[in-house]
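All chains are named by letter (A, B, ...) in the order of the sequence lines, taking the proteins before the strands, and each is independently numbered beginning at 1. All values below come from the heavy atoms of this structure, side chains included, with hydrogens, waters and symmetry mates left out. Keep in mind that what you see is a predicted model, and the values were worked out from it rather than measured.
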Amino acid sequence: MAIADFAIPASALHGAFRAQGVNAVTTVPDLIQFALHDALKRDPEVRYIECAAENQALTVAMGLHIGGEVPLVMMQNQGLFNCLNTLRSVGIDARMPLVLSVGAFGREFANLGKPLTDSARVCTARVEPLMQALGVPLLHLETPDDLPKIAEAYATARSRQCAVVVQLGFFPSWT
Amino acid sequence: MPMNVFEACFLINKARGEALVVSTMSAMFAAAAIAPGPHNLSSVPLMGGASGLGLGLALSQPGRKVLVLDGDASLLMELGTMATIGQQAPANLVHFVFNNGVQFAGLANMARPGGAQFDFVKMGEAAGYVSSRRIDSLPELMAAAPALLGTPGPHFVELMIAPQPRLLTEMPQPELPDAQFHRMGAEARAMMQLLGVTA
């Protein structure tokens, strides 16, 4: 596969999240998800909230959820490491069905198409084992064929009443 | 004269009306004891989470007042939320910080970062709250409450609180009950029911 084949169009991601009712984003922006940030921020029906730290993206999202909105929490894998305790509290103990879109920052292009656990970079390789250890479901999106996993993530979050991570393995394209 | 946390929460509750209350740390115990009910959401065990929870609630429920009863060390942990509150500017949010200068008030009374010279009111001003002020006494709080709840915010209020006396010295510490870990989620679901929100 060519590298470009791993790029999921941002418009398709945007549509898939909106199809799940997403009408708000809380985020610390992610280098991987620039195109998706842009698509969601330009959507007039999506409330877009920039936060100073990932803990805050999670708590603001929980407040929005209680108030009846459907937030998507966007962050980088480094940010996921940064907010583990809040994820534990909000996403596990409090059983809030929040979906987190997490970019696989630091992934080597040579790792595309292979398990991320084979990456030499800790921030890339250890996300899946870490979420497994926490009991937080993780669904990995490697190519456009994986788009249905976004619906699966929301179904899982709602049925299991817990946070779910959607991991983006490569930069979405600006299309 | 610094206020007692229960006295301050009592006055805030008297002025509350239909407002939702997000609390943490010592104010959380006082708020729940004074006025239990589905209008309460406790950031527990989650130090630092109250301001973010309150912001999300205020934005999604613009027709309801939302009162955040924050701790001083808790707010310092997530100070960046003030920038987001200033930017999002929810008119229905009143953000109180209970400044007692200590952590684990009533248990160990350990010093919090920043000490007495840290200026929360200037932080509120710089973040862009509509108003930011310090309140030192119960009469002052009683006088200020109608405007805080009756005018568009977000408002920021630093309450000067006397720390509760340290209770635990050589006593064994109690085990934390399971309820402590389920409380925030249970309260969130009760509040959603109050608001008529379905997950």
Side-chain angles (χ1 to χ4, degrees), chain A residues 20-29 41 46-73 75 79 82-99 154-164, chain B residues 20 22 24 38-39 41-64 66 68 74 77-88 90 92-93 127 178-199:
Chain A
Q20 296 307 311
V22 169
N23 57 7
V25 169
T26 64
T27 183
V28 177
K41 193 166 185 176
V46 173
R47 185 197 298 280
Y48 189 93
I49 303 173
E50 281 123 352
C51 298
E54 290 78 8
N55 291 325
Q56 296 153 32
L58 281 168
T59 54
V60 174
M62 177 172 168
L64 292 169
H65 170 76
I66 294 169
E69 298 194 5
V70 184
L72 169 66
V73 186
M75 64 179 70
N82 194 37
C83 67
L84 286 181
N85 185 53
T86 303
L87 180 61
R88 180 276 308 161
S89 183
V90 166
I92 303 172
D93 284 344
R95 296 171 32 222
M96 291 293 108
L98 300 177
V99 171
Y154 278 90
T156 301
R158 288 163 179 155
S159 65
R160 290 177 54 178
Q161 291 287 289
C162 66
V164 174
Chain B
L20 305 172
V22 181
T24 193
H39 63 278
L41 178 66
S42 308
S43 183
V44 66
L46 182 58
M47 184 172 174
S51 54
L53 292 167
L55 172 59
L57 259 184
L59 291 171
S60 56
Q61 290 287 319
R64 287 251 191 183
V66 175
V68 174
S74 296
M77 187 178 265
E78 298 296 345
L79 207 50
T81 313
M82 295 181 77
T84 310
I85 290 172
Q87 183 179 35
Q88 295 291 325
N92 55 333
L93 182 71
D178 287 344
Q180 180 91 341
F181 295 88
H182 303 149
R183 178 173 174 172
M184 183 166 70
E187 290 181 351
R189 285 178 279 280
M191 186 176 280
M192 290 173 78
Q193 201 165 15
L194 172 74
L195 298 172
V197 168
T198 51

What pairs meet the salt bridge (Lys or Arg N to Asp or Glu O under 4.0 Å) rule with one or both residues in residues 184-195 of chain B, with sequence neighbours excluded?
Arg183(B)-Glu187(B)

Between Gly63(A) and Ser60(B) the two heavy atoms that sit nearest each other are O-OG, 3.5 Å

Which one wins on heavy-atom pair count under 4.5 Å against chain A: Leu55(B), Val44(B), Leu41(B), Leu46(B)?
Leu46(B)

Scanning both residues in full, the closest heavy-atom pair of Val73(A) with Met75(A) reads CG1-CE, 3.7 Å

Minimum heavy-atom distance between Gly54(B) and Val22(B), given as atom pair plus value
CA-CG2, 4.0 Å

For Ser51(B), run the side-chain contact (heavy atoms from CB on, under 4.5 Å) check against Thr24(B), Leu79(B), Thr81(B) and tell me which one passes.
Thr81(B)

Any idea which heavy atoms bring Cys83(A) and Leu58(A) closest together, and the distance?
SG-CD1, 3.6 Å

Per-residue contacts, residues 20-29 of chain A versus chain B, heavy atoms under 4.5 Å
none

What option among Val66(B), Thr198(B), Leu53(B), Leu20(B) has the most heavy-atom pairs under 4.5 Å with chain A?
Leu53(B)

Chain A contact via Leu195(B) - side chain, backbone, both or neither, heavy atoms under 4.5 Å:
side chain

Minimum heavy-atom separation for Arg64(B) to Asn92(B), with atom names?
O-ND2, 2.7 Å

Is Arg158(A) close to chain B through its backbone or its side chain, or both, or neither, when contacts mean heavy atoms under 4.5 Å?
neither

What residue, out of Ala53(A), Ala57(A), Cys51(A), Gly68(A), has the most heavy-atom pairs lying under 4.5 Å from chain B?
Gly68(A)

Max heavy-atom pair count under 4.5 Å with chain B, selected residue of Pro71(A), Ala52(A), Ser89(A):
Ser89(A)

Minimum heavy-atom separation for Ser74(B) and Met47(B), please, with both atom names.
OG-CG, 3.6 Å

With chain A, which of Pro45(B), Ala50(B), Gly52(B) has the greatest number of heavy-atom pairs at distances under 4.5 Å?
Gly52(B)

Kindly state each residue pair satisfying salt bridge (Lys or Arg N to Asp or Glu O under 4.0 Å) with at least one member in residues 57-69 of chain A, sequence neighbours excluded.
Arg47(A)-Glu69(A)

Contacts of Glu50(A) that satisfy side chain to side chain donor-acceptor pair (under 3.5 Å) - sequence neighbours left out
Lys41(A)

Chain A contact via Ala188(B) - side chain, backbone, both or neither, heavy atoms under 4.5 Å
both

Contact part of Gln88(B) toward chain A, heavy-atom cut-off under 4.5 Å: side chain, backbone, both or neither?
side chain

